[in-house]
Chemist: 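Handing you a structure now.
In listed order, ligands and their atoms are each counted from 1. Keep in mind that this is a model prediction, so the values were computed, not measured.
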Amino acid sequence: MNTYDIAIIGAGPAGSIAAAELAQAGFKVVLVEQARCIGKQVQCAEFVPRIITRYASLGSLDIAQLIEGIQTWIQGEMIHILKAPGYTLHRSHWDKQLADTAVAAGAELQIGTRAVGWQNHSVLTLITGRAKQLIHCQWVLGCDGPGSIVSSWIGNPSQTASISLQYEMGLTKPLRHVAVHFDPRYFGGYAWVFPKGDRANVGIGIHCSYTDKLEQLLGIFCNDLINQQVLPDFTVYSRTAGRIPCGGLVESIGAGNILLAGDAAGCTHPVTGGGILNAVISGQLAANHIVRHFYNEPEKIAANYKTDIRKEFGSQLEYARHKAVVRDGRWMKAQEEFAALIRSSWVAFPEYYMR
Ligand SMILES: Cc1cc2nc3c(=O)[nH]c(=O)nc-3n(C[C@H](O)[C@H](O)[C@H](O)COP(=O)(O)OP(=O)(O)OC[C@H]3O[C@@H](n4cnc5c(N)ncnc54)[C@H](O)[C@@H]3O)c2cc1C
């Protein structure tokens, strides 16, 4: 049986960044990813705030374009522009770069391999194709996204999540802002246009009870954009879909010798759905805790990590979760005051921050 100091499940931003830090610190690390090709199945609209460069490097090939800010549209009318400099990324490239960096630092990468079981706090079961493999490890870091199996091993129920669908489409002219569109039909969420040069990620994320309406609503949204000459036609270059956690931090972020980071830990913002920056920060935090305290009692490390994660994100995510719950409760009743509801529940408006 192969033995590792740390097994990291999931080679998204949280997992690859943690793997690089741990391998650099001299630990024997295996990074396990179920996809056969990293970055091929990215589920993301790819907008990040500029501050991300404090935590992770972005090469010129990782950046699709610079973004000046966020436009907020309510029922077809653009009513606000927030200055919020950032980037849209080529995540397929960036995710691959991050995994390559981890490998260059000494981590072993196993792609096309799924983590399926955990026994006796030390033995991980992995499946590659039809082959089953048992590995021994001292620590497991669950960076396996919104449907995290690692999270279930420490007793967490599945996370509350919204559901999204996105097309990559052509633009009639370049755009400098990401645009977020609210409409009473987009229950508990919004539609978006995030430009990437001559193309854009055009998507919609809504409450999961409306899953069966997703495709139809996105179709209507795209047709509106064609009528407004934002999109030239209905050509879809690629499509992606996914769950976006919106319940805030999971109850147990670490227990025994398991820690969670990124979407698996519920670090995604419940109102915006943004999770890349928090995935990077939480991946680094988890790695730092293991590096500094590897030989200490696992329970102490898990407890300290939880405290730090709560300090970093707790109040921000809890506030957003509360705002989302209030918003959804009023959504159907507030049709005639829809704009006021959005003003009080969307991060771009000062009203959002009024308690
Ligand atoms: C449609 C959509 C649009 C979004 N847009 C934005 C945006 O514009 N900006 C933003 O900041 N955030 C956005 N997000 C959220 C963002 O994509 C996530 O927060 C971010 O990817 C989280 O990173 P992560 O490393 O935690 O997890 P992920 O990037 O989800 O990576 C998890 C990895 O774990 C792997 N995995 C899962 N289970 C197993 C297993 N059992 N064994 C092995 N591997 C496994 C998966 O294949 C995956 O590669 C969006 C999400 C969606 C769905």
Chemist: Provide, to 0.1 Å, the distance between atom 27 (O) of ligand 1 and the closest protein heavy atom, together with that atom's residue and name.
Modeler: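 Going by distance alone, atom 27 (O) of ligand 1 is nearest to Gly145 CA, 3.9 Å.
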
Chemist: Any N or O of Gly275 that comes nearer than 3.5 Å to an N or O of ligand 1?
Modeler: yes

Chemist: If the contact criterion is a heavy-atom separation under 4.0 Å, does Thr240 count as touching ligand 1?
Modeler: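 Not so, Thr240 does not reach ligand 1.
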
Chemist: Please confirm whether Leu165 approaches ligand 1 to less than 4.0 Å, judged on its heavy atoms.
Modeler: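 Judged by the 4.0 Å heavy-atom criterion, Leu165 does not count as contacting ligand 1.
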
Chemist: Among Phe221, Trp346, Tyr190, Trp192, find the one that has a ring pair (Phe, Tyr, Trp, His ring centres under 6.0 Å) with His181.
Modeler: Phe221

Chemist: Considering only heavy atoms, does Thr113 approach ligand 1 within less than 4.0 Å through its side chain, its backbone, both, or neither?
Modeler: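 Contact part for Thr113 vs ligand 1: backbone (N, CA, C, O).
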
Chemist: May I ask you to decide if Ser209's main-chain N or O and His207's side chain share a donor-acceptor pair within less than 3.5 Å?
Modeler: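 It does hold such a pair.
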
Chemist: Heavy-atom pairs closer than 4.0 Å: do any link ligand 1 to the side chain of Ser164, the backbone, both, or neither?
Modeler: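 Side chain only; the backbone of Ser164 stays clear of ligand 1.
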
Chemist: For atom 29 (O) of ligand 1, what's the nearest protein heavy atom and its distance?
Modeler: Arg91 NH2, 3.2 Å

Chemist: Would you please test His289 and Asp308 for side-chain contact (heavy atoms from CB on, under 4.5 Å) and show each step?
Modeler: CA-CA 9 Å; His289 275 267; Asp308 277 5; 2.9 Å; yes

Chemist: So, regarding Cys44 and ligand 1 (criterion: nitrogen or oxygen to nitrogen or oxygen, under 3.5 Å), is there a contact or not?
Modeler: no

Chemist: Using only atom types and a distance under 3.5 Å, with no angle test, would you say the side chain of Gln34 pairs donor to acceptor with the backbone of Thr113?
Modeler: no

Chemist: Among protein heavy atoms, which lies nearest atom 46 (C) of ligand 1, and at what distance?
Modeler: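 The closest heavy atom on the protein side is Glu33 OE2, 3.5 Å.
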
Chemist: Would you mind listing which atoms of ligand 1 come within a distance below 4.0 Å of any non-hydrogen atom of Ile149?
Modeler: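 Taking each heavy atom of Ile149 in turn, ligand 1 has 41 (N) under 4.0 Å.
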
Chemist: Answer yes when Glu215 and Arg239 have at least one side-chain N-carboxylate O distance shorter than 4.0 Å, and no when they do not.
Modeler: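 Yes.
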
Chemist: Which protein non-hydrogen atom lies closest to atom 5 (N) of ligand 1, naming both residue and atom, and how far is it?
Modeler: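 Its nearest protein heavy-atom neighbour is Ala45 N, 2.8 Å.
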
Chemist: Would Arg50 pass as a cation-pi partner of Tyr87, given that its NZ or CZ must be under 6.0 Å from the six-membered ring centre and within 45 degrees of the axis?
Modeler: no

Chemist: If you measure every N/O of Glu46 against every N/O of ligand 1, is any gap under 3.5 Å?
Modeler: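 Yes, at least one N or O pair falls under 3.5 Å.
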
Chemist: Walk me through it: do Lys306 and Glu251 pass the test salt bridge (Lys or Arg N to Asp or Glu O under 4.0 Å)?
Modeler: CA-CA 10 Å; Lys306 267 192 233 174; Glu251 180 60 33; over 6 Å; no

Chemist: Near Phe194, which atoms of ligand 1 are under 4.0 Å from a heavy atom of that residue?
Modeler: 8 (O)

Chemist: To check your reading of the model: name the closest protein heavy atom to atom 44 (N) of ligand 1, its residue, and the distance in Å.
Modeler: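 Going by distance alone, atom 44 (N) of ligand 1 is nearest to Gln34 N, 3.1 Å.
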
Chemist: Could you check whether any side-chain N or O of Tyr353 sits under 3.5 Å from a backbone N or O of Val347, counting only pairs where one atom can act as donor and the other as acceptor?
Modeler: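 A pair under 3.5 Å: yes.
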
Chemist: I'd like to check which ligand 1 atoms, numbered from 1 as shown, lie under 4.0 Å from a non-hydrogen atom of Gly273.
Modeler: 12 (N), 13 (C), 14 (N), 15 (C)

Chemist: Give me the nearest non-hydrogen protein atom to atom 9 (N) of ligand 1 as residue plus atom name, then the distance to 0.1 Å.
Modeler: Phe47 O, 2.8 Å

Chemist: Run the numbers for me: atoms of ligand 1, each under 4.0 Å from some heavy atom of Gly274, listed by number.
Modeler: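 Here the atoms of ligand 1 in question are 10 (C), 11 (O), 12 (N).
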
Chemist: Check whether the ring centres of Phe349 and His80 lie less than 6.0 Å apart, and answer yes or no.
Modeler: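 Between His80 and Phe349, which both carry aromatic rings, the centre distance is below 6.0 Å.
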
Chemist: Tell me yes or no: between the side chains of Asn201 and Glu46, is some donor less than 3.5 Å from an acceptor?
Modeler: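 Result is yes, a qualifying pair exists.
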
Chemist: Taking the ring centre of each residue, are Phe27 and Phe294 less than 6.0 Å apart?
Modeler: yes

Chemist: So, regarding Gln43 and ligand 1 (criterion: nitrogen or oxygen to nitrogen or oxygen, under 3.5 Å), is there a contact or not?
Modeler: yes

Chemist: Apply salt bridge (Lys or Arg N to Asp or Glu O under 4.0 Å) to the pair Arg330 and Glu337, showing each step before the final yes or no.
Modeler: CA-CA 10 Å; Arg330 289 181 50 210; Glu337 304 155 11; 3.7 Å; yes

Chemist: Around atom 32 (C) of ligand 1, find the nearest protein heavy atom and jot down its residue, atom name and distance.
Modeler: Cys143 O, 3.3 Å

Chemist: If the cut-off is 4.0 Å to any non-hydrogen atom of Asp263, which atoms of ligand 1 fall inside it?
Modeler: 18 (C), 19 (O), 22 (C), 26 (O)

Chemist: Take every heavy atom of His269, measure it against each atom of ligand 1, and state whether any distance is under 4.0 Å.
Modeler: no

Chemist: Under the 3.5 angstrom rule, does the side chain of Ser152 hit a backbone N or O of Ile149 as a donor-acceptor pair?
Modeler: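 Yes: the side chain of Ser152 pairs with the backbone of Ile149.
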
Chemist: So is Pro13 polar-close to ligand 1, meaning N/O to N/O under 3.5 Å?
Modeler: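 N/O-N/O distance below 3.5 Å exists for this pair.
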
Chemist: Is there a donor-acceptor pair closer than 3.5 Å between any side-chain N or O of Gln65 and the backbone N or O of Gly197?
Modeler: yes

Chemist: Using a 4.0 Å cut-off to any heavy atom of Ile276, which atoms of ligand 1 qualify?
Modeler: 9 (N), 10 (C), 11 (O), 12 (N), 19 (O)

Chemist: I'd like to know if the side chain of Asp233 reaches the main chain of Thr235, judged simply by a donor and an acceptor atom lying under 3.5 Å from each other, with no hydrogens or angles considered.
Modeler: yes

Chemist: Measure the distance from atom 41 (N) of ligand 1 to every protein heavy atom, then report the residue, atom name and distance (to 0.1 Å) of the closest one.
Modeler: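 Of every protein heavy atom, Ala115 O, 3.2 Å lies nearest to atom 41 (N) of ligand 1.
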
Chemist: Which atoms of ligand 1 are found less than 4.0 Å from any heavy atom of Val32?
Modeler: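 Counting from 1, the qualifying ligand atoms are 43 (C), 44 (N).
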
Chemist: Enumerate the atoms of ligand 1 whose separation from the nearest heavy atom of Gly262 is less than 4.0 angstrom.
Modeler: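 Answer for ligand 1: 26 (O).
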
